[in-house]
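Reminder, nothing fancy here: chain letters follow the sequence lines and each chain counts from 1.
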Number of protein chains: 2
Amino acid sequence: MFAQSRIATSAPFNKPVAGRQRAGQLWSSLADVCSLLGVTPTVAATAADDVVFQHVQFKAGQRLFTIGQPFDALYLVNSGFLKTVMIDDAGNEQVLSFPMKGDVLGVDGIHLKQYMSEAVALSSCDVVVIPFKVFSSLGRKYPELELSLYGVLSRELTREHAMASALGSLSAEARVGRFLVALSERYSAMGYSGKEFNLRMTRQEIGSYLGMTLETVSRTLSAFDRIGYIAVEGRSVTLKDMQALKTMRRLPPSQSRSKEVPSAKKLFTNFSFEAAEDVLAAV
Amino acid sequence: MFAQSRIATSAPFNKPVAGRQRAGQLWSSLADVCSLLGVTPTVAATAADDVVFQHVQFKAGQRLFTIGQPFDALYLVNSGFLKTVMIDDAGNEQVLSFPMKGDVLGVDGIHLKQYMSEAVALSSCDVVVIPFKVFSSLGRKYPELELSLYGVLSRELTREHAMASALGSLSAEARVGRFLVALSERYSAMGYSGKEFNLRMTRQEIGSYLGMTLETVSRTLSAFDRIGYIAVEGRSVTLKDMQALKTMRRLPPSQSRSKEVPSAKKLFTNFSFEAAEDVLAAV
DNA sequence: CGATGTCTTGACGACCTTCAAGAGTCGTGG
DNA sequence: CCACGACTCTTGAAGGTCGTCAAGACATCG
């Protein structure tokens, strides 16, 4: 529900699209793209040989597009890790998402025909370029696909809702906890380990994404380590108590204050250990 | 940039769609709908008489759709005020938006074919029902319209980005300030006064939307009143210093900390009056 | 090897939530 | 008509969370 929560559509574990990784120029069929998108292509679409999509490689630090640049294509991540950022009116970067395999970039450029955010590669990346004209024409060519295409945008929107909700109502600890779990699930879905993985981004970037400072991110990770929810060392993380990480909350509703279980106040911040709360407080 | 920031597409001040307000059953043409959407219809579309859209009325408190309900239509607000909410896993309502004339509801239902949020009327409302099948078929029938349709979804997404950004990086005061300005601009665009207007929602709902408690909302409004930015009395508000309201910030970037003007620390919280800061602090 | 960027940790304090009490407002029913 | 309850809103007091500022440990790199 947090970051790039990929579909529940019985994802058939997309086979790696195309073999040679470092060709510099590579092409995908419509069927490949659909599978990457988590969309089940129809027979008609599967057979289509007339549309092919170009791949492009980016190295860490490179930009796929920048704010204000004329919009002409969507980008579909085939491999690698990236971030998208907005620049607020004070000139600060604000991280909006950490796209990875299967995610679509550039959607926010459709409306005003120019990208409203910036996409930066955090590692070497391989992305499929989908010219928007081609994208929209697909809906006409394969009407069965149309719903899926709108679905792609809708999915992005739902994710943003969840993000806004989390930012507004969860404590810093809870946000970091969920962030880790979301990453874990994402990695699992790609065939990597969901328990042990590397953060591809800095504390600063995580903080910006989660609406807190890098210091708070660092402190929270240290605290989680101390109480045994995870093990951290730099950017390598091992999750040890996923349940605890994902069930943290805060705010005895402010609405359920009135009615509902009038006993058991502080119990809402449900930690696994009794001691946990104190340890966290003691930071 | 905050709430329902309506397009910059030279909005031609949509004429009120259809005359009789209290008919209970009313119909709009495609051209009407396009104009409400802020989309310029092509001649072909303007002439189209074969598609008509049904209106439905709702009274304050009524729900247009609820979470989990099968998705089949988008709703376009013609008049009235509403809120959309999500229910988080603790069972709390979280306000996601305050839609009004020209806004589209239900977009988040496309992906999984069921609504992911709930829409509630805050006042009497008149909405246009757009069956999703009709919506998507329009793209095929009038290819020139297709881009606009995707644009509608893209616009929603951009708005959410701005919201997430604001939640993550602005102080409570700044968020309330911008919220008021956004409302004002919205009302102006509809032909109402942008200086004097009524809040249609409770402090609780504002707080939920802005990620703070109702008490903080109340206190902030009182403080704005005290220093002369606005005049409040219950739900009626008069804006007196829009500039001040919209330019509040916080967080000497944490990134521009390194370089940039090393002097003038606290100056970033740019208020119009020197005294303002103290007054706010004295609350 | 200094320079730069990342990460950790501590101390302090401001901002905002929490808890509580009271004033208004509105609708319903006696 | 007024009383009553249910909400909404305001304001105060207290405390916790998290941002701010600072210093130091590492790691990477030209």
Non-neighbouring partners of [X] that pass side-chain hydrogen bond (donor to acceptor under 3.5 Å, both in side chains), sequence neighbours left out:
| X | result |
| --- | --- |
| A:Arg200 | A:Tyr187 |
| A:Ser208 | none |
| A:Arg235 | none |

Requested in this report: Applying side-chain contact (heavy atoms from CB on, under 4.5 Å), name anything that partners B:Ala164, two or more places apart in sequence or on another chain.
Outcome: A:Glu160, A:Leu167
**Report entry** A:Lys246 and A:Glu185 ion-paired at < 4.0 Å
**Finding:** yes
Below 4.0 angstrom from OP1 or OP2 of [N], is there any side-chain N or O of [X]?
| X | N | answer |
| --- | --- | --- |
| A:Thr216 | D:dG19 | yes |
| A:Ser218 | C:dT9 | no |
| A:Arg235 | C:dT6 | no |
| B:Thr213 | C:dT17 | yes |

Report task. Starting from C1' on C:dT9, measure out to CG on A:Leu214 and report it in whole angstrom. Result -> 12 Å
**Report entry** Gap between atoms CE and C1', on A:Met212 and C:dC16 respectively (whole Å)
**Finding:** 16 Å
Just the table, please: protein N/O against nucleotides 24-28 of chain C N/O, every pair under 3.5 Å.
none

Requested in this report: Assess the side chains of A:Ser97 and A:Thr84: does a donor N or O sit below 3.5 Å from an acceptor N or O?
Outcome: yes
Query raised in the report: So what is the end-to-end bend of the helix from C:dC1-D:dG30 to C:dG30-D:dC1, with 5 pairs used at each end and the value given to 10 degrees?
Result: 30°
Query raised in the report: Looking across every strand, which nucleic acid part, if any, lies under 4.0 Å from A:Gly211 by heavy atom: base, sugar-phosphate, or nothing?
Result: sugar-phosphate
Report task. Report yes if the side chains of A:Gln57 and A:Cys125 come closer than 4.5 Å at any heavy-atom pair, otherwise no. Result -> no
Query raised in the report: So, do B:Tyr229 and B:Lys240 sit near enough that their side-chain heavy atoms are less than 4.5 Å apart?
Result: no
**Report entry** Donor-acceptor pair present, A:Glu215 side chain and D:dC21 base, under 3.5 Å
**Finding:** yes
**Report entry** Side-chain-base donor-acceptor pair under 3.5 Å for B:Arg219 and C:dT18
**Finding:** yes
Report task. For the residue pair B:Tyr75 and B:Phe58, categorise the inter-ring angle as parallel (less than 30°), tilted (30 to 60°) or perpendicular (more than 60°). Result -> perpendicular
